[in-house]
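Some notes on the structure that comes next.
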Amino acid sequence: MASNYLEELNDVQRQAVVNIDGPVLVVAGPGSGKTRVLTYRIAHIIESGVAPWEILALTFTNKAAREMKGRIAKVVGDRAERVWAGTFHSIFARILRVEADKIGYPSSFTIYDTEDTNSVIGAIIREMNLDKNAYNTSAIRSRISAAKSALITPKLYADNEELRQQDRQAARPYTYEIYEKYVARCKRSGAMDFDDLLYRLYELFQRNPDGILDKYRGKFRYVLVDEFQDTNQLQYAIIRKLVNFDGSPRNVCVVGDDAQSIYAFRGATIQNILDFEEDFKPFGIKTFKLEQNYRSTEHIVQTANEVIMNNRRQIQKKIWSDKGEGHKVKVIKAMTDNEEGKRVTDTILEHKNRFHLSNRDIAILYRTNSQSRIFEEHLRRYNIGYRVFGGLSFYQRKEVKDLIAYLRLVVNQRDEEALRRVLNYPKRGVGDSTIEKLSAQAGSAGKTMWECLAALDAGAKAKKAIADFVQMIHSAALRVPTDNAYEIAVSVARGSGLIDLLKSDTTIEGMGRLENLNALLDGIKSFVEEDTISVLDAEGNSDRSLTAYLQNIALLTDQDENSAEGGDFVTLMSVHAAKGLEFKSVFVVGLEEKLFPSFMASDSPEGLDEERRLFYVAVTRAEQLLTLSYANSRYRFGQMRFNEPSRFLEEVPRQHAESTAHFRGSQSTAERNAPEQASGAKITGNFVRRGTAVSGMPAVDAANFKASPSDSIQKGMRVLHLKFGEGEVLEVEGNKDNRIATIFFKAAEDDPKKRIMLKFAKLQIVS
DNA sequence: GTTGGTATCTGTGGA
DNA sequence: AGATACCAAC
């Protein structure tokens, strides 16, 4: 107890641990002992006399939360279990279960995953008779998600001229209406999507019924946030609600690294780090920078440093290592994707032999999950054990989702997506058109589909089948409060006919599906019986109800599934998934333009910066050996494509890379000469060609004006605007549909600096 | 309503 | 290439 944990820390780390009161920002480079600081800080808070349940620690993955708890336990023992440590989503779901009635939800609310969400949106688009080509379901979903993450309600969305204009521009003028209907339908279904778990909590705190907010403000005396650079506006808004109020001690500590922010695509913003500094400056914020890297050798650390310097905006820091030079970075060039697979696998074999590495010391990291296949083939050929992370998780398999849908319905009959999924599976003679009819009926009557089900107009045979179905769900529902989750699940699996259906399928795949179903049931059994998996309710009691089980698995990812087991295998995963992990030998593959950096990001500087941060994350996973590879050609969609080597390869300083004939690399900062630097990326748009603007702006010739595509507008360009004349693009912010340019129009004398939404601006590129 | 074949689309990351 | 969406025939 109260061990000498403080002695295991360096000076900065120790400061970050012992300064437990007041606001703290920890900027933590890769491999700098961030988790250690976070866990020891929590342990230190507990040692100072604070009850574990008064500490809230938010992470992004269950794995991070689990690891944190484990390491706290090493210092303070069993008390660690009572710390409120978990993912944003799981902790918030826990609170929402208790408070659900205050915002008009049942505590047995369903959590909709992406598939459910897509299905709801698809149904709405169909019902509104909208063109499904223009109204791409996923595009609408991400738009709605972005709105929620930016605290924009359907009402605010409908009133927001800018957003509406963007939608008109994208030929989706009714997006606002879909959003409104989607929210209403989720509510009707007693369902929350991933964003709702955040948004509804925010709403609860905002409305503050029965002094709810004060209750949680009083409860969580110390708040800690991991991976703060990955939080979105909404998440930070909730954190502020909890800690930033009059009379608050503001015991909040956020840990993050702007250079490792790789989730801007889902609304994360490093602006939160900057805002945090501003928001808490008046309250004596303390900032600690962890810059010593304990993970990697110098060639690797310096490569990472040099690469990230190509990004424009960042918090100044220099990561260093005292682990010695180590091996240089190796670059593998291959003609084809297949050859890349072979040569990487050869090198893995070499590493195993030469450096006595085990499979578990090695990882292959790629930009997209679809790249795993070729490496799997080669690893199999060499008989090297491997494990692929990502892709379809166990809970996303059809047969598993089917049974889960039944269970969801048992717990919450309002759950429309579950009902749609299982009403005619196994077949009961209720086809798509009948289901649509039912849905329309429910919509116009303001009832749930379940309520309309009994009165459904159908043939005698179908009616009987439906009645049996309703009966089965009902009787299972009655058992929920008393019987254990496993027993209910087994009887539903049998009663629904799912088991019989799968048993009748004697193909290999069919047997596999039955096995998966049984594995799911086993999982529920262990949830009910074993001590190791604990789901605590808001009061800290163990909750083994079916409802708790369903809400728990909805927030699991496949990573949480697989990583628990040991075993000696090479790890194959996306770079995103690798964040926070480390391996002795890391292969970053597919380093080609349009792939890494992704073609989706290639057209905007912000997108490229994020890709570069992703590359930075990949590079810094390596402890001793880093190998980069690319192929000149690869198959995509059955077609051979040729790609240039990634620009990131060029950014690897040659002094840190093994010299090979084909690899040129970059000069390091030290050897770079002045003229080259002057033409480099350091120059900001403000200085480019300033003063060369034509004086005495001529009137714009409207007849010859031809607007350039909005996505081609980039920082530094000179553009023509019909009203404002010629201008210079000083800055472009935002991504994809949301790009905003700051343009300096000399002719507009009142206010020459205009901020313009590129999506609907008519601009012609001059140069 | 169901089945099976053909057209179409896909192209990042994930809680 | 592989999954899904859509349509025509049963």
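Chain A is the first sequence line, chain B the second, and so forth, proteins listed ahead of strands; every chain is numbered from 1.
Taking atom CD1 on A/Ile91 and atom P on B/dA15, their separation rounds to 16 Å, with Å as the unit. Atoms NE2 (A/His576) and C1' (B/dG14) sit 8 Å apart, rounded to a whole Å. Separating the NZ atom of A/Lys63 from the C1' atom of B/dG14 is a distance of 15 Å, rounded to the nearest angstrom. Protein atom CG of A/Asn232 is 11 Å distant from nucleotide atom C1' of B/dA15, rounded to whole Å. Nucleotide B/dG14 holds its C1' atom 10 Å from the CD atom of A/Gln396, rounded to whole Å. Regarding A/Gln371, its CD atom lies at a distance of 19 Å from the P atom of B/dT10, rounded to whole Å. One interatomic measurement links the two molecules: NZ of A/Lys579 to C1' of B/dT12, which rounds to 15 Å at whole-angstrom precision.
For B/dC9, the OP1/OP2 oxygens have no side-chain nitrogen or oxygen of A/Asn136 closer than 4.0 Å.
A salt bridge links A/Glu227 to A/Lys34: at least one charged side-chain nitrogen sits closer than 4.0 Å to a carboxylate oxygen.
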Determine, stepwise, if the pair A/Arg513 / A/Asp402 fulfils salt bridge (charged side-chain N to carboxylate O under 4.0 Å, His left out). CA-CA 11 Å; A/Arg513 282 193 281 272; A/Asp402 288 335; over 6 Å; no
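In this structure, A/Arg240 forms a cation-pi arrangement with A/Tyr236, its terminal cationic atom sitting closer than 6.0 Å to the ring centre and no more than 45° off the ring axis. With a 6.0 Å cutoff to the six-membered ring centre and a 45° limit on the axis angle, A/Lys398 counts as a cation-pi contact of A/Tyr425.
Residues passing the side chain to side chain contact (heavy atoms under 4.5 Å, CB included) test with A/Lys594 are A/Phe599, A/Asn643, sequence neighbours excluded.
With the nearest nucleotide of DNA chain B identified for both A/Arg641 and A/Thr87, A/Arg641 has the one nearer the 5' end. The 5' end of DNA chain B is approached more closely, in terms of each residue's nearest nucleotide, by A/Arg636 than by the other of A/Arg636 and A/His89.
Look at the P atom in both B/dG13 and C/dT4: the space between them is 15 Å, to the nearest Å.
For the pair A/Gly590 and A/Arg634, the tightest heavy-atom approach, listed with the atom from each and the gap, is CA-NH2, 3.5 Å.
By the neighbour-count criterion of 12 heavy atoms within 6.0 Å, atom CE of A/Met335 is sparsely surrounded, having that number or fewer from other residues, nucleotides or ligands. Within a 6.0 Å radius of CD in A/Glu644, other residues, nucleotides and ligands contribute 12 heavy atoms or fewer.
A/Phe615 and A/Phe596 have perpendicular rings, their planes meeting at more than 60° on a 0 to 90° scale where under 30° would count as parallel.
Across all strands, A/Ser598 comes closer than 4.0 Å to base atoms (heavy-atom distances). Across all strands shown, A/Phe88 has no heavy atoms under 4.0 Å from either base or sugar-phosphate atoms. Across all strands, A/Tyr635 comes closer than 4.0 Å to no nucleic acid atom at all (heavy-atom distances).
Between chain A and DNA chain C, the heavy-atom contact criterion of under 4.0 Å yields a 5' to 3' nucleotide range of C/dA1 to C/dC6.
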Would you mind building the protein contact string for nucleotides 1-7 of chain B? One character per nucleotide, 5' to 3', B for base within reach (heavy atoms under 4.0 Å), S for sugar-phosphate only, - for untouched. SSS----
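Proximity of a side-chain donor or acceptor of A/Glu606 to a complementary backbone N or O of A/Ala264 within less than 3.5 Å is not detected.
Taking 3.5 Å as the limit, the base of B/dA15 and the side chain of A/Ser90 contain no donor-acceptor pair of atoms between them.
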